[in-house]
Structures are given as structure tokens and as C-alpha cells.
Amino acid sequence: MKIITDQHCTLYSAPGHPERPSRITGSVERLRSQSDLPIEWMEPLQPPEKSLLRAHTRGHLKRLAQPGDFDGDTPNYPDIFDHARRSAGGALHALELARNGEPAFSLLRPPGHHATPERAMGFCYLNSIAIAVLEAQATGTGKVAVLDFDVHHGNGTEAILLGRDETLFCSAHQYPGYPGTGTADVKNCRNFIVPPDSPAEIYRAACEGALDAIRRFKPELVAVSAGFDAYRGDPLSHQAMEARDFHWLGRAIRELEVPAFGVLEGGYSDDLPELILAWLSGLAGLAHR
């Protein structure tokens, strides 16, 4: 398993904000301390501007370099444009590895799936998964599917990929819930809704529905927005997934038998490191411990 990370992504924070540096530092520490899953550690690429502009407007890139918070949840941290570019570079490196047959996961912050073509929102500044998908298609990959299992709808990814030939976006998410989108299927975007306070079996069924749609689509590549906030202990959702459920999901992605890569989206519990390890173990074909 190839894991892309960089300690520089932990150098910004805001008091009390759930999208905090320990999401990365704790996860890296846990993954380095275990011995069952062989890991090769790698660094993100430097994303060229043309890659960012496939997903975002030039005006949005200019705004990211200007002062002023983007919304109440999305501060304009010092150097946030650089941090967001680093996350996009992690996704691009994970894409490159996956196309070479090597499972890869970008373990960086900030997340990205709420960022629209022209707006930062929901802790997200650049949409790393969409940037990687469009890069793949611009450089020779045909059909690409996105699986987003974050508890919050990936509205930005949907907005960027909507109507694009040879792409399929599938999201399993809680509704009602932030950001209030993803209530119906639209063109090439499929949404699988889970009510608040559902048992884990219901969330798993929504994920299985998304996986079935991906199987029928027959992609050459699967890009995964890996959010772990459907966990029963997450402070930002009302779901009941356990580590064993994320392990199942990793194994199910493996069983698609299609090259795949993932990027970290949400997940705000102190148990995030265990959830990531469970998912990666399933993706690697290892038993759940």
C-alpha cells in the first residue's frame, strides 16, 4: 500500500475546529506503529495550474490567495492555497500510482469534496478528487467512477463532474444533513440517501447500491472520496458505522477488481486512525482485527 502524506499539512489550525492537525498526525502514528499492512510512504506531487483549472475557475484560484474567510466553517488560514494545492498533489500522485497497478491513499488535509468550481466551503478549498479524475481523463484514461462514502454529500464533486461524458459520481450520504444537497439522481450523478440515526446496515446498503452502479458502469479506474464520518462516534453526524464496516467497504472496493485510489475527506472522531487502518486493511485484502 502506498500512502502519500506530508507533515506540512498539519501546520494550520483554528481553536475548536473539527478539521484539525491530529487527524493526520494520529493516523500517521497509528499506521507507522502497526505491522500487518506493508506501507510505502510517499510525498505529494506539485500540481500544475492547468490541472487545477480543469476543475476550478481562474477566479476561484485567485480568491484562494486573497484575505478573508470563505464561510463560517472555512477559514482563510495563512498559506491555505498552498495547503490545498498539496492535497490536490496528493490525489494526483495517488492517481499515478493506481494507474500503475499500485493501491494508493492520499492522507492529507484539507479535504476537498465540497469545493465547487468557484467556491470554497465545508472545510474544502480545492476539489482534489475531481482534479484527479479530470487529470486521468485528460491523460488517456477512459471511464472513471467516483465513490464518495463520506457522510456529507460531495456537492462540489457533483457540480464539477455533472454531465461529463465517461464519468460516474456515486455518493452514499446522510440526508437531512450538510450541505443539504444530493437528494436525487441527476444525469451521471447517483445519490444514495441514508436517514439520520440509521443502523449501520442501512449505510452499508447505500454503499452497496453505489458499488452496484459502479459495477454496471464498468470503469477503467475508481476514485474514492474516503470520509469516515459515518462512524458511530463522529461528532458531525448521526450514523452507526463501526471499524468493521469500513473494513467491509475497503474489501468491497478491492473486489471490484478495478484500479483504485483514495483521498481522505471527512472523519472527525478520535478513532479516525483505527477507521483508516480498517479500511486500508480491507482494501489490501487483509483480515479485520
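- Judged by distance alone, the side chain of Ser198 and the main-chain N or O of Val194 form no donor-acceptor pair under 3.5 Å.
- The environment of Gln7 atom CD is sparse: at most 12 non-hydrogen atoms of other residues, nucleotides or ligands sit within 6.0 angstrom.
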side-chain contact (heavy atoms from CB on, under 4.5 Å) assessment of Leu31 paired with Trp41: CA-CA 10 Å; Leu31 291 170; Trp41 297 90; 3.9 Å; yes
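- Using a cutoff of 4.0 Å between basic side-chain nitrogens and carboxylate oxygens, Lys143 and Glu220 are not scored as salt-bridged.
- Side-chain contact between Tyr178 and Met121 is present, with at least one heavy-atom pair separated by less than 4.5 Å.
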Intermediate values then yes/no, side-chain contact (heavy atoms from CB on, under 4.5 Å), Leu134 and Val144: CA-CA 9 Å; Leu134 297 179; Val144 181; over 6 Å; no
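- Closest non-hydrogen pair, Pro179 versus Asn155, comes out as CG-OD1, 3.5 Å.
- Using the six-membered ring where Trp is involved, Tyr125 and Phe70 have ring planes that are perpendicular, over 60° apart on the 30 and 60° scheme.
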Verdict with reasoning, Asp234 to Val151, per side-chain contact (heavy atoms from CB on, under 4.5 Å): CA-CA 10 Å; Asp234 197 278; Val151 80; 5.9 Å; no
Trace of the side chain to side chain donor-acceptor pair (under 3.5 Å) decision for His153 with Thr181: CA-CA 6 Å; His153 179 239; Thr181 54; 2.7 Å; yes
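- No close placement of the His173 and Phe192 rings is indicated, their centers lying 6.0 Å or farther apart.
- Checked by atom type and distance alone, the side chain of Glu158 never pairs as donor or acceptor with a backbone atom of Phe169 at under 3.5 Å.
- Rounded to the nearest 0.5 angstrom, Glu40 CD and Ile3 CD1 are separated by 10.5 Å.
- For the side-chain hydrogen bond (donor to acceptor under 3.5 Å, both in side chains) criterion with Asp229, the lone passing option out of Gln174, His152, Gln239 is His152.
- Asn188 and Gly163 get closest at one heavy-atom pair: OD1-N, 2.6 Å.
- Of the N and O atoms on the side chains of Tyr12 and Glu19, at least one donor lies less than 3.5 Å from an acceptor on the other residue.
- The pair Glu208-Arg215 counts as a salt bridge, with a side-chain nitrogen and a carboxylate oxygen less than 4.0 angstrom apart.
- Rounding to the nearest 0.5 angstrom, the gap separating the CD1 atom in Ile131 from the CG atom in Leu53 is 9.5 Å.
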Check against side-chain contact (heavy atoms from CB on, under 4.5 Å), Arg164 and Val133: CA-CA 11 Å; Arg164 289 184 180 267; Val133 167; over 6 Å; no
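- A side-chain N or O of Ser33 and one of Arg30 form a donor-acceptor pair less than 3.5 Å apart.
- Between the side chains of Asp245 and Tyr203, no donor N or O sits under 3.5 Å from an acceptor N or O.
- For the residue pair Arg289 / Ser281, no side-chain donor-acceptor distance below 3.5 Å is found, with atom types taken as modelled.
- A salt bridge links Arg58 to Glu49: one of the charged nitrogens lies within less than 4.0 Å of a carboxylate oxygen.
- Within the cation-pi definition used here (under 6.0 Å to the ring centroid, within 45° of the axis), Arg85 qualifies as a partner of Phe81.
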Side chain to side chain donor-acceptor pair (under 3.5 Å) between Ser225 and Asp150, worked out: CA-CA 7 Å; Ser225 275; Asp150 188 288; over 6 Å; no
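- Judged purely by distance below 3.5 Å, without hydrogens or angles, the side chains of Arg190 and Ser171 never pair a donor atom with an acceptor atom.
- To the nearest 0.5 Å, atoms CG (Asp148) and SG (Cys189) are separated by 11.0 Å.
- Between the Glu242 side chain and the Arg232 main chain, no donor and acceptor come within less than 3.5 Å of each other.
- A side-chain N or O of His83 and one of Arg86 form a donor-acceptor pair less than 3.5 Å apart.
- Contact annotation: the side chain of Cys170 never approaches that of Val146 to less than 4.5 Å [non-hydrogen atoms, C-beta and beyond].
- Here the side chain of Glu43 pairs no donor or acceptor atom with the backbone of Asp6 at under 3.5 angstrom.
- Of the possible donor and acceptor atoms, none in the side chain of Asp73 sits under 3.5 Å from a partner among the backbone N and O of Gly122.
- One N or O on the side chain of Asp185 and one on the backbone of Asn191 form a donor-acceptor pair closer than 3.5 Å.
- Side-chain contact between His247 and Leu280 is absent, with no heavy atoms from C-beta onward closer than 4.5 Å.
- Counting heavy atoms from C-beta on, the side chains of Tyr231 and Phe246 come closer than 4.5 Å.
- His17 has its ring centre less than 6.0 Å from the ring centre of Phe123.
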Side chain to side chain donor-acceptor pair (under 3.5 Å) assessment of Ser87 paired with Arg109: CA-CA 6 Å; Ser87 277; Arg109 58 190 287 267; over 6 Å; no
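- The shortest distance between side-chain heavy atoms of Leu95 and Leu221 falls below 4.5 Å.
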Asn127 and His56: CA distance, side-chain angles, deciding distance, side chain to side chain donor-acceptor pair (under 3.5 Å) verdict: CA-CA 8 Å; Asn127 197 307; His56 296 284; 5.8 Å; no
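- Checking side-chain atoms of Arg254 against main-chain N and O of Gly282 turns up no donor-acceptor pair under 3.5 Å.
- Considering NE2 of His288 and CG of Asp36, their distance stands at 12.0 Å, rounded to 0.5 Å.
- Among all heavy-atom pairs drawn from Ala260 and Ala98, the shortest one is O-CB, 3.6 Å.
- The closest donor-acceptor contact from the side chain of Glu29 to the backbone of Arg32 lies at 3.5 Å or more, if one exists at all.
- Between Ile24 and Val28, some side-chain heavy-atom pair lies under the 4.5 Å cut-off.
- Between the side chain of Thr5 and the main chain of Leu107, a donor-acceptor pair closer than 3.5 Å is present.
- One distance of note links CD1 of Ile4 with CG of Leu97; it measures 5.0 Å at 0.5 Å rounding.
- Looking only at distances, no side-chain donor or acceptor of Ser106 sits under 3.5 Å from a matching main-chain atom of Val263.
- In plain terms, the two heavy atoms of Cys9 and Leu108 that are nearest each other are SG-CD2, 3.9 Å.
- Between Trp279 and Phe105, the ring-plane angle classifies as perpendicular under the 30° and 60° cut-offs.
- The two residues Tyr175 and Gly180 come nearest to each other via the heavy atoms CE1-O, 3.8 Å.
- Considering only heavy atoms from C-beta on, Thr74 stays 4.5 Å or farther from Asp69 through its side chain.
- Distance check, rounded to the nearest 0.5 Å: CG of Leu283 to CG of Leu249 gives 9.0 Å.
- In summary, the aromatic rings of Phe228 and Phe149 are positioned with their centroids under 6.0 Å apart.
- Applying the side chain to side chain donor-acceptor pair (under 3.5 Å) rule to Glu96 yields no partners; only residues at least two apart in sequence or on another chain are considered.
- Nearest approach of Ser13 to Pro21, heavy atoms of both residues: CB-CD, 3.7 Å.
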